[in-house]
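Data block below; observations after.
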Amino acid sequence: VFSSVTSVLNMSIFKDQFVLEDLIQELKKKSTALSFGPLQSNGHISVQGSFPAITLLRDFLLLKAKSLSEKDEREESKSHQRPKKRLQQHGLTTEMNNFVRDADGEKQVVVLDTDTYYYMKYFFPSTFLVNGDVVISDITDGDVTTVYIENAGSRSDAGQVLRVKEKIENQSIKLHNILRKERIYFEERIRDEKWRYECVCRSLKPHYPSVLITHYDTHIDVIGNPSEVFEFTKEVSN
């Protein structure tokens, strides 16, 4: 679980609609947990911060780019040049609150660190507990898991879907700030070696109830708070 990640954003797609410097300043005010580098001449800018904060910013910018694309399609018959406009604060606030809302308000998307997602599902299953009107699905691709929350009921309730999304996000942010991961590699890639490690982990697990242990063919991942993870891996190695 990484405490900090860095991403390079290409802001050049917004240059025909907004003054980029104003857009960056507004993003800085709204995303105080992120650290922004200087804006390059090609429109690229480096952003550093926690994984949840980076994904929130990314999803907001993706939706903004999508809205600009749809607007261009509607206005492609117009030949006059669109003037640049200053970004209004109230407009940004509204879009930040709805940055992953589908057109009908019935679908939400949350991007999570995969280790955090596994820990949430194991120790906080109620986070994903919903009634029959809401359906949750997920797709894991390496270190990233995308969770989809959709309305499956006969009556549309965008607010219910949004509440589930916010519950998942809030829990993931709390865990992301406290979780750490250690990886224990098998000394030899043979069945007996793997079996020995698994037996040791099972015997120690009752003493570390808040630690998540995930077994793979070549290693074991241990996820939890830093002190317990350290003690657990130390005992396993011994």
Side-chain angles (χ1 to χ4, degrees), residues 1-9 31 33-35 37 46-59 108-130 136-149 164-238:
V1 180
F2 297 101
S3 59
S4 180
V5 293
T6 301
S7 178
V8 177
L9 305 177
S31 305
L34 295 175
S35 175
S46 177
V47 185
Q48 186 176 35
S50 69
F51 186 86
I54 289 284
T55 54
L56 287 177
L57 177 64
R58 185 204 67 165
D59 288 339
Q108 297 286 340
V109 179
V110 183
V111 183
L112 302 173
D113 172 87
T114 296
D115 293 321
T116 304
Y117 173 67
Y118 287 159
Y119 195 92
M120 287 173 61
K121 288 202 71 174
Y122 188 85
F123 288 105
F124 300 92
S126 60
T127 306
F128 302 94
L129 191 62
V130 294
I136 296 180
S137 59
D138 62 81
I139 297 177
T140 297
D141 183 10
D143 294 333
V144 175
T145 294
T146 304
V147 179
Y148 299 91
I149 308 107
V164 174
K165 166 192 163 289
E166 290 175 344
K167 181 172 67 172
I168 294 174
E169 276 187 342
N170 292 336
Q171 185 63 67
S172 70
I173 291 174
K174 291 178 183 177
L175 292 175
H176 188 274
N177 292 331
I178 62 173
L179 292 180
R180 293 296 180 269
K181 177 174 75 173
E182 287 289 341
R183 179 162 290 177
I184 304 173
Y185 287 97
F186 302 142
E187 296 177 5
E188 299 177 24
R189 296 187 179 182
I190 56 177
R191 184 176 300 177
D192 289 345
E193 183 74 9
K194 179 182 177 182
W195 178 80
R196 261 189 7 182
Y197 272 98
E198 291 176 349
C199 288
V200 171
C201 288
R202 278 196 297 269
S203 65
L204 291 174
K205 182 66 173 72
H207 302 289
Y208 299 89
S210 299
V211 168
L212 176 65
I213 304 168
T214 308
H215 298 270
Y216 297 93
D217 289 336
T218 59
H219 63 273
I220 297 172
D221 281 345
V222 183
I223 304 171
N225 71 64
S227 59
E228 287 195 350
V229 167
F230 174 78
E231 291 296 330
F232 183 89
T233 54
K234 182 180 178 181
E235 287 200 49
V236 171
S237 299
N238 291 337

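Along the sequence shown, the residues carry numbers beginning at 1.
Residues I220 and K194 have side chains not in contact (no heavy-atom distance under 4.5 Å, counting atoms from C-beta outward). Residues S4 and F51 fail the side-chain proximity criterion, which asks for heavy atoms closer than 4.5 Å. In this structure, the side chains of S46 and T6 come closer than 4.5 Å at one or more pairs of heavy atoms. Side chains of E198 and V200 form no contact here, defined as non-hydrogen atoms less than 4.5 Å apart. At a threshold of 4.5 Å between non-hydrogen side-chain atoms, the residues Y148 and I136 do not count as touching. Side chains of Y118 and I223 form no contact here, defined as non-hydrogen atoms less than 4.5 Å apart. The shortest side-chain heavy-atom distance between L112 and I168 falls under the 4.5 Å cut-off. For the pair L56/E169, a side-chain contact is recorded, criterion being any heavy-atom separation below 4.5 Å from C-beta on.
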**OP:** Walk me through it: do V110 and T146 pass the test side-chain contact (heavy atoms from CB on, under 4.5 Å)?
**Re:** CA-CA 6 Å; V110 183; T146 304; over 6 Å; no
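From D143, atom CG reaches atom CG of D115 across 7.0 Å, with rounding to the nearest 0.5 Å. For the atom pair CD (Q48) and CG (L34), the distance works out to 9.5 Å, reported to the nearest 0.5 Å. Rounded to the nearest 0.5 angstrom, Q108 CD and I149 CD1 are separated by 6.5 Å. Within the model, atoms CG of L179 and NZ of K181 stand 11.0 Å from one another, a figure rounded to the nearest 0.5 Å. To the nearest 0.5 angstrom, T233 atom OG1 is 14.0 Å from R180 atom CZ.
In this model, a donor atom of one side chain and an acceptor atom of the other lie less than 3.5 Å apart for T114 and T145. E235 and Y208 are linked by a side-chain donor-acceptor pair at a separation below 3.5 angstrom, with hydrogens and angles left out of the test. Defined by atom type and a distance below 3.5 Å, a donor-acceptor pair is present between the side-chain atoms of Y117 and D138.
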Side-chain atoms of residues 119-127: list all donor-acceptor pairs with protein atoms under 3.5 Å, sequence neighbours left out, distances to 0.1 Å.
unit_1 : atom_1 : unit_2 : atom_2 : d
Y119   : OH     : S210   : O      : 2.6
T127   : OG1    : F124   : O      : 3.0

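Judged by distance alone, with hydrogens and angles left aside, the side-chain atoms of K205 form a donor-acceptor pair with the main-chain N or O of V211 at under 3.5 Å.
F230 is linked by a side-chain contact (heavy atoms from CB on, under 4.5 Å) to K234, counting only residues two or more places apart in sequence or in another chain. In this structure, R58 has no salt bridge (Lys or Arg N to Asp or Glu O under 4.0 Å) partners at least two apart in sequence or on a different chain.
For the residue pair P52 and I173, the shortest heavy atom distance occurs at CB-CG1, 3.7 Å. Contact between S7 and I54 at its shortest, heavy atoms only, is CB-CG2, 4.3 Å. Between K165 and V109, the shortest heavy-atom contact is CE-O, 4.4 Å. Between C201 and V236 the shortest heavy-atom distance is SG-CG2, 4.2 Å. The two atoms that bring S31 and L57 nearest to each other are OG-CD1, 4.1 Å, heavy atoms only. Heavy-atom minimum distance, N225 versus E228: OD1-N, 3.0 Å.
Remark: aromatic rings of Y197 and Y185 are distant, center separation not under 6.0 Å.
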